[in-house]
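Report on the following structure.
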Number of protein chains: 2
Amino acid sequence: MLNIGDVARESGVSVEALRYYERQGLVAAPDRDDNGYRLYRPDAVARVRFIKRAQEVGFTLSDVKELLALQARPGASCGDVRMRAAGKMREIEGKIATLQRMKTFLEAWTAQCVDAAPAERCPVLDALKNDETD
Amino acid sequence: MLNIGDVARESGVSVEALRYYERQGLVAAPDRDDNGYRLYRPDAVARVRFIKRAQEVGFTLSDVKELLALQARPGASCGDVRMRAAGKMREIEGKIATLQRMKTFLEAWTAQCVDAAPAERCPVLDALKNDETD
DNA sequence: CTTGACCCTGAAGCGCGGTTCAGGGTGTAG
DNA sequence: CTACACCCTGAACCGCGCTTCAGGGTCAAG
């Protein structure tokens, strides 16, 4: 059995984050030792790593909660999971597109920049004063 | 001279946002009418549009404050502005790269999905249980 | 028997860019 | 004279994912 600090170390998150996950219902509240310390079964580490990896590919904690619920629900199908993943992909693609648009504008503007020119005649500032970005 | 609502309408932001910009020092506090109403000169609209467009290409309000300071400072050069823009571009590129990595993982995982399979044998969940994403 | 690392709780704070709320005054059309 | 749209202020609130703080108890080593 593991103390919260052990789980934190092995899963690479902070002790505070673990208590936070418990409050949010992402990790089941473990049994307590006589002194009140949380006592985790070793598989808790796997659960926390699941959460961490899901976050790394863009799922919010509330998304993760749904995924964990699917995982636990008998009768849930792979398609249910794929739908969530596909939705997240579309979300990510939207963000990439937005960022790409920003980058394109900045590229176009800075390309016209002559470093030594005074700021009063800066193409970037001019663009911000006059252009439509949408 | 314009009331705050006029400026809001013409620049496409909310009245509350305008008051917020004033508090943050992005827009100079305008004179007041006898009744205490803010009275803006027409060029205030251009300033707010500048802020809005800068935000649209990824600058935070604190970035915008710096850009506006450069614009006002005699002796500031175009290179100063370009440096900020280039830094923002790198920031954006970093975000795109992160999102792209997320997307790549999700794509690979969902590609192996067979919709009808039970969630217990879902490649996406399996990946979250076992893969390293970094 | 003290030191230091660990554990507990509840509440508050952070960044960001506003929005919302409570509680007022003002201006004008009908 | 009464709606109703507009304006004012200061303070609190939102989401998100934690972190920090205040104020304690526990446990192992030396």
Side-chain angles (χ1 to χ4, degrees), chain A residues 1-27 29-40 44 47-68 88 91-92 95 98-99 102 133, chain B residues 1-27 29-41 44 47-68 88 91-92 95 98-99 102:
Chain A
M1 298 297 258
L2 306 167
N3 278 339
I4 195 168
D6 303 325
V7 177
R9 253 184 311 279
E10 290 187 36
S11 53
V13 306
S14 74
V15 166
E16 295 76 25
L18 286 177
R19 288 196 278 245
Y20 178 73
Y21 294 161
E22 185 180 323
R23 280 202 299 287
Q24 301 305 306
L26 288 156
V27 171
D31 289 341
R32 300 296 183 114
D33 203 345
D34 291 344
N35 52 23
Y37 289 17
R38 286 169 180 79
L39 272 186
Y40 292 89
R47 154 87 43 152
V48 177
R49 286 192 179 145
F50 181 104
I51 296 169
K52 228 189 127 194
R53 278 192 291 265
Q55 280 189 291
E56 280 164 0
V57 296
F59 290 107
T60 65
L61 292 185
S62 119
D63 295 331
V64 176
K65 211 168 165 183
E66 283 190 32
L67 289 176
L68 289 167
K88 188 55 64 177
E91 204 181 306
I92 290 172
K95 287 184 187 176
T98 298
L99 289 166
M102 295 177 178
T133 51
Chain B
M1 300 295 259
L2 307 167
N3 278 339
I4 195 168
D6 303 324
V7 176
R9 253 184 310 279
E10 289 188 34
S11 54
V13 307
S14 74
V15 166
E16 295 76 26
L18 285 177
R19 288 197 277 246
Y20 178 73
Y21 295 162
E22 186 180 322
R23 280 202 300 287
Q24 302 304 307
L26 287 156
V27 171
D31 291 341
R32 300 297 182 113
D33 203 345
D34 290 345
N35 52 23
Y37 289 16
R38 289 168 178 80
L39 271 187
Y40 293 90
R41 274 173 293 111
R47 155 85 46 148
V48 177
R49 285 193 180 145
F50 180 106
I51 296 170
K52 227 188 128 194
R53 278 192 291 264
Q55 280 188 290
E56 281 165 0
V57 296
F59 291 106
T60 65
L61 291 187
S62 117
D63 295 332
V64 177
K65 211 169 166 181
E66 283 189 31
L67 290 177
L68 288 167
K88 188 55 63 176
E91 204 181 306
I92 290 172
K95 286 184 187 176
T98 298
L99 290 166
M102 294 176 177

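Each chain gets a letter, A, B and so on, in the order its sequence line appears, and its residues count up from 1.
If you check every strand for non-hydrogen atoms under 4.0 Å, B:Asp33 touches nothing. Here B:Thr60 lies in heavy-atom contact (under 4.0 Å) with sugar-phosphate atoms only. Heavy atoms of B:Gln55 sit under 4.0 angstrom from primed sugar atoms or phosphate atoms, though from no base atom.
When distances run from any side-chain atom of A:Tyr37 to the nucleotides D:dT19, D:dT26, D:dC6, the shortest one goes to D:dT26. The side chain of B:Asn3 sits closest to D:dC7 out of C:dC7, D:dC7, D:dT19. Distances from the side chain of B:Glu16 to the nucleotides D:dT19, C:dG17, C:dT20 place C:dT20 closest. Closest to the A:Ile4 side chain, of the nucleotides D:dC6, C:dG18, C:dC8, is C:dC8. Considering only side-chain atoms of A:Arg23, the nucleotide from D:dG17, C:dC7, D:dT19 that sits closest is D:dT19. Out of D:dC8, D:dT19, C:dT19, the shortest distance to the side chain of B:Arg38 is found at D:dC8. Of the candidates D:dT9, D:dG17, C:dC8, D:dG17 carries the atom nearest the A:Tyr20 side chain, counting heavy atoms from C-beta on.
Between B:Ile51 and B:Val13, the closest side-chain pair of non-hydrogen atoms is not below 4.5 Å. Looking at A:Tyr40 and A:Asp6, their side chains never come closer than 4.5 Å, going by heavy atoms from C-beta outward. Between A:Tyr21 and A:Leu61, the closest side-chain pair of non-hydrogen atoms falls below 4.5 Å.
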How far apart are the C-alpha atoms of B:Val48 and B:Glu10, what are their side-chain angles, what is the distance that settles it, and do they pass the side-chain contact (heavy atoms from CB on, under 4.5 Å) test? CA-CA 9 Å; B:Val48 177; B:Glu10 289 188 34; over 6 Å; no
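Between the C1' atom of D:dC16 and the CD atom of A:Glu91 lies a distance of 13 Å, rounded to the nearest Å. Between the P atom of D:dC18 and the CD atom of A:Gln24 lies a distance of 10 Å, rounded to the nearest Å. Rounded to whole angstrom, the span from the OH atom of A:Tyr40 across to the P atom of C:dC8 amounts to 7 Å. Atom CD in A:Glu56 sits about 11 Å away from atom P in D:dC18, given to the nearest Å. Taking atom CD on A:Glu22 and atom P on D:dC18, their separation rounds to 15 Å, with Å as the unit. Taking atom OH of A:Tyr21 as the reference point, atom P of D:dG17 lies 9 Å away to the nearest angstrom. Rounded to whole angstrom, the span from the CG atom of A:Leu18 across to the P atom of C:dC6 amounts to 15 Å. For the pair B:Asp63 CG and C:dC16 P, the interatomic distance rounds to 10 Å; values are reported in whole Å.
Between A:Phe59 and B:Gly5, the residue anchored closer to the 5' end of DNA chain D is B:Gly5, taking for each the nucleotide with the nearest heavy atom.
For the pair A:Ser14 and D:dT19, the criterion of a side-chain N or O lying under 4.0 Å from OP1 or OP2 is met. Contact between the side-chain N/O atoms of B:Asn35 and the OP1/OP2 oxygens of C:dG27 is found at a separation under 4.0 Å. For the OP1/OP2 pair of D:dT9 and a distance below 4.0 Å, the side-chain nitrogens and oxygens of B:Arg19 include no atom meeting the criterion.
Looking at B:Lys88 and B:Glu91, a side-chain N of the basic residue comes within less than 4.0 Å of a carboxylate O on the acidic one, giving a salt bridge.
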